[in-house]
Protein chains: 2
Amino acid sequence: MRLSKLTDYAVVVLARLEQDGAAPGKGQVQTAPGLAAATGIAEPTVAKVLKILGGAGLVEGVRGARGGYRLARTLDTVPLAQVIVAFDGPIALTACVDGGMGGCDAEAICPVRGRWDPVNDAIRNALSGITVAALAKPRFPWDLPYPANTDTAAASTLVAE
Amino acid sequence: MRLSKLTDYAVVVLARLEQDGAAPGKGQVQTAPGLAAATGIAEPTVAKVLKILGGAGLVEGVRGARGGYRLARTLDTVPLAQVIVAFDGPIALTACVDGGMGGCDAEAICPVRGRWDPVNDAIRNALSGITVAALAKPRFPWDLPYPANTDTAAASTLVAE
DNA sequence: AAGAAATAGGACCTCAGGGGTCCGCTTTCC
DNA sequence: GGAAAGCGGACCCCTGAGGTCCTATTTCTT
């Protein structure tokens, strides 16, 4: 049920990039070592996270001296689901993804085969409706335990009761 | 992002119990070896699943010869979330559960601290709104790829776009 | 032109936890 | 009293996440 730690780190790194003005286009860049120092995450790990984010098209790397990374897209256009997929693979609670064949021995007699699809869809939709920006927005004043601003309130209203 | 295999097995076992008439109350019981044969899951594993389900109050065991298990509650009163919690622990995508303190070194500077709470709530609500019965209901005719009956359709409508 | 600084892309190691099995005890029916 | 079942726990194995490091490549600076 947990997602990988790298996904968690990725959100932090993306938030930091935005906070530091490493915006899409001609913006400034941030180095991996710099981000490691700023976030408290070990430097090799930050480098790994940035490489994966680059592969997913969420950040773009600038090579060479004075290089670094900047956001490829503004965070309010990046669904959380996309980050999760980049690090954890397809979003699905069970191994039998969307009626996928093979892999499961008991497929022929399994009484719940295919039944998980709506559940997976529900999770996917929830995670697609939340942007990374909603998780990354800096807080003023600090340490509001349960901020009720519009961006995060949207996450709650994604689910009807 | 995946839940444990035992959770998956649990849903199958619960479905089988209902299908075989091991209903709450004075109903018939099913033995662990019998369920193993019926579901194709290894017998020791089925036994383990049933023990955990018993601990969670979802099935009740009848000891002694001619003993077995029966459902403690009808499946339409059991939210999927409850099964998941029994096997996977609290439902949360990240280690920092609901602003939980401790555990995370970077807590002081983490820009997304507490921000995951609405996401976790969304997942929890989605999984609480789906009953095990919706996953277990036998299908006639077999192999409808995407059944649109009321029980599972509810899962999709849990999420607004 | 040489060197420094940075990303890119792997290979590699370690280890915690899930997954599965087994054993001994207790309970209850025949 | 014996057999059949659940109950509770200990135990092992092995995958895969998590993390580190090395090398190649690129590009700026001097």
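In what follows, chains carry the letters A, B, and so on, assigned in the order in which the sequence lines appear, proteins first and then strands, with residues in each chain numbered from 1. These numbers were taken from a predicted model, which means no experiment stands behind them.
In this structure, B:Ala42 reaches the sugar-phosphate backbone alone: every heavy-atom distance under 4.0 Å involves primed, P, OP1 or OP2 atoms, never a base. Across all strands, A:Ala32 comes closer than 4.0 Å only to sugar-phosphate atoms, never to a base (heavy-atom distances). B:Gly68 comes within contact range of the sugar-phosphate backbone alone, with a heavy-atom separation under 4.0 Å but no base atom that close.
The residue among A:Ala65 and A:Thr7 whose nearest nucleotide of DNA chain D lies closer to the 5′ end is A:Thr7. Where B:Glu43 and B:Lys48 meet DNA chain D, the nucleotide closest to each residue was compared, and B:Glu43 sits on the side nearer the 5' end.
Looking at every heavy atom in both residues, B:Leu71 comes nearest to B:Glu60 through O-CG, 4.4 Å. The nearest pair of heavy atoms linking A:Ala10 to A:Val49 is CA-CG1, 3.7 Å.
If you take NZ of B:Lys51 and P of C:dC22, they are 13 Å apart, rounded to a whole angstrom. Computed from coordinates, the A:Lys5 NZ to C:dC15 P distance equals 14 Å when rounded to whole Å. One can place CD1 of A:Ile41 at 13 Å from C1' of D:dG18, the figure rounded to the nearest angstrom. Atom-to-atom, CZ of A:Phe87 to C1' of D:dA17 comes out at 13 Å; the value is rounded to the nearest Å. Rounded to an integer number of Å, the gap from A:Asp8 CG to D:dG18 C1' is 13 Å. To the nearest angstrom, P of D:dG8 lies 13 Å from CG of B:Leu50. Remark: P of D:dG9 and CD1 of B:Ile52 are 12 Å apart, rounded to the nearest angstrom. One atom, CZ of B:Arg63, and another, C1' of C:dT26, lie 5 Å apart when rounded to the nearest Å.
Of the side-chain N and O atoms in B:Tyr9, one or more sit less than 4.0 angstrom from OP1 or OP2 of C:dG20. OP1 and OP2 of D:dG6 both lie 4.0 Å or more from every side-chain N or O belonging to B:Thr31. In terms of phosphate contacts, B:Thr45 brings no side-chain nitrogen or oxygen within less than 4.0 Å of OP1 or OP2 of C:dG19. Using a 4.0 Å cut-off, some side-chain N or O of B:Tyr69 falls inside it from OP1 or OP2 of D:dC7.
Interatomic distance, B:Ile130 CD1 to A:Trp116 CH2, rounded to the nearest 0.5 Å: 8.5 Å.
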**Request:** With side-chain hydrogen bond (donor to acceptor under 3.5 Å, both in side chains) as the test, would you mind laying out the steps for A:Thr7 and A:Asp88 before giving the verdict?
**Result:** CA-CA 7 Å; A:Thr7 307; A:Asp88 296 68; 2.4 Å; yes

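Between A:Asp121 and A:Arg124 there is a salt bridge, since at least one side-chain N of the basic residue sits less than 4.0 Å from a carboxylate O of the acidic one.
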